[in-house]
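Keep in mind the model is a prediction, meaning the values are calculated, not measured. Along the sequence shown, the residues carry numbers beginning at 1.
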Amino acid sequence: MKVVIVGGVAGGATAAARIRRLDEQAEIIIFERSEYISYANCALPYYIGGVIEDSRKLTLQTPRNFASRFRITAKTRHEVTSIQPDKKTVSVKNLQTGEAFEESYDKLLLSPGAKPVMPQLPGIGSSRVFTLRTVEDTLKIEEFIDKNQPKSVVLAGGGFIGIELADNLKNWGMDVTIVQRPNQLMTPFDRDMASFIHAEMRKHGVNLALGHSVEGLEENDNGVSVLLQDAPPLQTDMVVLAIGVTPDSRLAKNAGLALGIKESILVNDRMETSIPNIYAVGDAVQVKHFVTGGDALISLAGPAVKQARIAADNICGGDSRYKKSQASSVIRIFDITAASTGINEAAAKKAGLSFDKIIISPQSHAEYFPGSTTMTVKVLFEKETYRILGAQIIGSDGVDKRIDVLATAIRANLTALDLQDLDLAYAPPYSSSKDPVNLAGFVIDNIANGIVKQCYLEDLETLPRDNSVTLLDVRTEKEFARGAIDGFINIPLDKLRDRLSEIDNSKPVYAICESGIRSYIASRILTAGGYDCYNFAGGLHIYNAVQNDRA
């Protein structure tokens with residue numbers, strides 16, 4: 001069997017190695033148009049920032065290593081220009097010599113990945129404008145920085161690449177500005193959770209131009225002028241376009257393969273395309289979302305390598321199936337970590353799902369043990385069924401652990417109520433006896449059993465201030481004096497039982513505290529006294545984050 005693989009990064013290299021482990025006799029050829037195979041895309045910003053110092057560590061394998069260990073032929077600087085499915089051949093061009101030739105195959109695997117979105121803007125070809133997708137892109141940026149010592153940079157795009165670059169370029173002492181068309185960074189997160197990301201970026205001196213679009217670039221003697229829609233231009237020394245990526249499906253389209261959303265390659269759960277003996281994996285393929293069941297494009301390394309293993313199994317006669325994606329991700333942003341899995345509120349609404357949510361602010365480990373920090377945990381679940389739809393966590397230590405537990409719960413089809421029963425490891429340096437994931441389950445169980453009713457940020461903004469409701473802040477007098485929401489009265493929790501007569505029991509009561517814990521206790525006291533009480537989810541912790549972000 002002869003297998004030709006187009007693209008030698010995460011998906012292609014993984015599939016090649018797996019095929020060899022399954023079939024020692026197969027002839028395996030990889031064509032990669034760049035100079036490198038099996039490189040770590042996710043490491044590129046950290047090399048630019050100097051966190052990873054040796055460029056050789058960006059590549060996990062080399063063509064020589066592939067040949068000696070796996071007897072796999074990996075040809076870099078070779079671009080596949082077309083596919084002839086009827087002849088089972090591909091046309092290849094050697095980019096170093098210009099030689100063109102055809103290569104036959106029995107099985108063909110496409111792993112072309114995705115390419116950076118390159119809008120047709122004036123000045124896009126400036127020598128001071130870069131993208132970051134390949135090792136070559138990285139080395140170009142490094143060379144420009146070393147040679148020109150730029151003092152400022154504008155990053156167009158506030159996703160993973162933009163934020164990681166902002167973090168790392170700040171290490172060089174550069175003035176960093178992110179321009180983002182949506183009014184928030186990191187769109188997998190809801191706007192309230194993104195407020196914490198914005199605060200961290202601003203804390204470290206990153207300028208945010210949210211809700212603005214780049215309309216053009218003008219190179220001048222002082223660098224580059226970035227032209228914005230409805231805003232003054234930004235003068236900078238260099239620009240990196242990190243607007244997003246789009247499936248690199250040109251080969252598939254020209255060969256007549258069926259395409260999906262945004263012209264991604266359509267595959268089944270065996271990673272087979274619409275033409276026999278041709279498989280596709282990675283950022284270029286359309287998948288099904290595990291939570292919604294709908295079509296999705298998910299450009300992450302984890303799904304790519306899983307798909308590659310499945311395609312390799314099936315190329316070698318097996319019957320492996322890809323069981324959908326749920327887009328679990330994590331990112332370091334200066335001193336915090338942000339992670340998500342499943343879907344957010346916007347996606348849930350788009351899918352027509354009826355959902356509820358909780359927001360809690362637990363400690364990363366036992367509060368009495370040194371180093372404990374607050375994390376903000378948001379869990380979305382389907383009403384009636386309590387199916388977990390998604391989760392978002394922002395904090396410092398332990399965020400990655402908790403998001404992985406929640407991702408596993410989603411994958412295992414556990415309900416939000418099952419979270420309270422998970423038997424999770426506990427020791428004071430690592431967790432609390434009530435782990436944040438268990439705590440989320442406890443809160444959801446209280447909602448399910450009618451023990452607590454919630455209100456949310458969007459409710460608080462529309463609550464009347466005409467005395468038809470009681471707005472109650474149960475923090476201490478000192479906390480209240482340092483700042484409170486207009487219209488709220490202050491009765492500290494520890495004095496509430498003795499001052500119930502001050503609260504009209506004919507009016508609904510909306511209780512708030514710093515995190516939602518004291519106001520929950522207050523709501524139980526009030527409910528037992530016959531009051532119609534609602535607890536504000538997330539407390540002032542989430543309210544202040546959003547309000548400060550608007551300032």
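Asn314 meets the side chain to side chain donor-acceptor pair (under 3.5 Å) test with Arg270; sequence neighbours excluded. The side-chain contact (heavy atoms from CB on, under 4.5 Å) test applied to Asp86 returns Gln84, not counting sequence neighbours.
The side-chain heavy atoms of Glu219 and Ser127, taken from C-beta on, include a pair separated by under 4.5 Å. Looking at Leu297 and Ile261, their side chains come closer than 4.5 Å, going by heavy atoms from C-beta outward. Taking 4.5 Å as the limit, every side-chain heavy atom of Asp335 sits out of range of all side-chain heavy atoms of Ser396. Here the side chains of His541 and Phe196 are in contact, with some heavy-atom distance below 4.5 Å. Ser34 is not listed as a side-chain neighbour of Val135, based on a closest heavy-atom distance of 4.5 Å or more. Side chains of Ser213 and Leu228 form no contact here, defined as non-hydrogen atoms less than 4.5 Å apart. You'll find the side chain of Asp106 stays beyond 4.5 Å of the side chain of Val3, heavy atoms only. You'll find the side chain of Leu266 stays beyond 4.5 Å of the side chain of Leu257, heavy atoms only.
Shortest non-hydrogen contact noted between Gln307 and Val281 is O-CG1, 3.5 Å. Nearest heavy atoms, Leu109 versus Ala15: CD2-CB, 3.2 Å. Shortest non-hydrogen contact noted between Ala351 and Thr292 is CB-CG2, 4.1 Å. Shown here for Ala304 and Gly282, the closest heavy-atom pair between the two residues is CB-CA, 3.9 Å. In plain terms, the two heavy atoms of Lys288 and Gly293 that are nearest each other are CD-O, 3.5 Å. Closest non-hydrogen pair, Ala74 versus Pro63, comes out as O-CB, 3.5 Å.
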Can Asp23 and Lys107 be said to form a salt bridge (charged side-chain N to carboxylate O under 4.0 Å, His left out), step by step? CA-CA 13 Å; Asp23 187 341; Lys107 304 288 184 179; over 6 Å; no
With side-chain contact (heavy atoms from CB on, under 4.5 Å) as the test, would you mind laying out the steps for Leu241 and Val239 before giving the verdict? CA-CA 6 Å; Leu241 299 177; Val239 175; 4.1 Å; yes
Between Gln235 and Asn220, does a side-chain hydrogen bond (donor to acceptor under 3.5 Å, both in side chains) hold up when you go through it step by step? CA-CA 9 Å; Gln235 184 64 34; Asn220 50 52; 3.0 Å; yes
Assess whether side-chain hydrogen bond (donor to acceptor under 3.5 Å, both in side chains) is satisfied between Gln326 and Thr341, documenting all intermediate values. CA-CA 6 Å; Gln326 66 192 68; Thr341 186; 3.1 Å; yes
ring-ring contact (aromatic ring centres under 6.0 Å, His included) assessment of His204 paired with Phe334: CA-CA 8 Å; His204 287 85; Phe334 293 103; 4.2 Å; yes
Start with the C-alpha gap between Val291 and Ile410, add the side-chain angles, then the distance that decides, and say whether side-chain contact (heavy atoms from CB on, under 4.5 Å) holds. CA-CA 8 Å; Val291 174; Ile410 291 173; 4.1 Å; yes
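The closest side-chain donor-acceptor pair between Thr337 and Arg332, if any, does not fall under 3.5 angstrom. For Glu32 and Thr76, the side-chain atoms include no donor-acceptor pair closer than 3.5 Å. Between the side chains of Gln184 and Asp549, no donor N or O sits under 3.5 Å from an acceptor N or O.
In this structure, Arg20 contributes its side chain and Phe70 its backbone to a donor-acceptor pair below 3.5 Å. The closest donor-acceptor contact from the side chain of Arg402 to the backbone of Ser364 lies under 3.5 Å. When atom types are taken as modelled, the side chain of Ser340 and the backbone of Pro188 share no donor-acceptor pair closer than 3.5 angstrom. Without hydrogens or angle criteria, Glu27 side chain to Met1 main chain gives no donor-acceptor distance under 3.5 Å. Using a distance-only test at 3.5 Å, with no hydrogens or angles considered, no donor-acceptor pair links the side chain of Ser264 to the main chain of Val285. Side chain of Arg133 to backbone of Ala114: a donor-acceptor contact under 3.5 angstrom is found. The backbone N or O of Glu99 lies less than 3.5 Å from a partner atom in the side chain of Thr97, making a donor-acceptor pair. No side-chain donor-acceptor contact under 3.5 Å links Asn94 to the backbone of Gly98. A donor-acceptor contact shorter than 3.5 Å is absent between the side chain of Asp190 and the backbone of Met193. In this structure a side-chain-to-backbone donor-acceptor pair under 3.5 Å is present from Gln149 to Ile145.
Going from atom CG of Leu132 over to atom CG of Leu44 covers 5.0 Å, rounded to the nearest 0.5 Å. For the atom pair Ser82 OG and Asn254 CG, the distance stands at 8.5 Å (nearest 0.5 Å). We find the CG-CG distance between Leu208 and Leu210 to be 5.0 Å, quoted to the nearest 0.5 Å. One distance of note links CZ of Phe31 with CD1 of Ile5; it measures 10.5 Å at 0.5 Å rounding. For the atom pair CG of Leu139 and CD1 of Ile141, the computed distance is 9.5 Å after rounding to the nearest 0.5 Å. Expressed to the nearest 0.5 Å, how far NZ of Lys323 lies from CD1 of Ile310 amounts to 8.5 Å.
Under a cut-off of 6.0 angstrom, the local environment of CZ in Arg77 is crowded, with over 12 non-hydrogen atoms contributed by other residues, nucleotides or ligands. Other residues, nucleotides and ligands place no more than 12 heavy atoms under 6.0 Å from the NZ atom of Lys93. Applying the 6.0 Å contact sphere to NZ of Lys140 captures no more than 12 heavy atoms from other residues, nucleotides or ligands. Within a 6.0 Å radius of CZ in Arg321, more than 12 heavy atoms belonging to other residues, nucleotides or ligands are found.
Not less than 6.0 angstrom separates the ring centroid of His198 from the ring centroid of Phe189.
The pair Glu79-Arg250 counts as a salt bridge, with a side-chain nitrogen and a carboxylate oxygen less than 4.0 angstrom apart. Taking the charged nitrogens against the carboxylate oxygens, Glu345 and Lys378 do have a contact shorter than 4.0 Å, which makes a salt bridge.
Sorted by first and then second residue, the side-chain hydrogen bond (donor to acceptor under 3.5 Å, both in side chains) pairs with a member in residues 2-15 read Lys2-Glu103, Lys2-Ser104; sequence neighbours excluded. Residue pairs that meet the salt bridge (charged side-chain N to carboxylate O under 4.0 Å, His left out) test with at least one member in residues 302-314, sequence neighbours left out, are Arg18-Asp313.
Just one of Ile265, Val4, Thr273 meets the side-chain contact (heavy atoms from CB on, under 4.5 Å) condition when paired with Ile278; it is Thr273.
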Would you list the atom pairs, donor with acceptor, under 3.5 Å between side chains in residues 151-165 and any protein atom, with sequence neighbours excluded?
unit_1 : atom_1 : unit_2 : atom_2 : d
Ser152 : OG     : Thr236 : OG1    : 3.3
Ser152 : OG     : Asp237 : N      : 3.0

Under 3.5 Å, sequence neighbours excluded: what are the donor-acceptor pairs made by side chains of residues 115-123?
none

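Ring planes of His78 and Phe101: perpendicular class, angle over 60° (limits at 30 and 60°).
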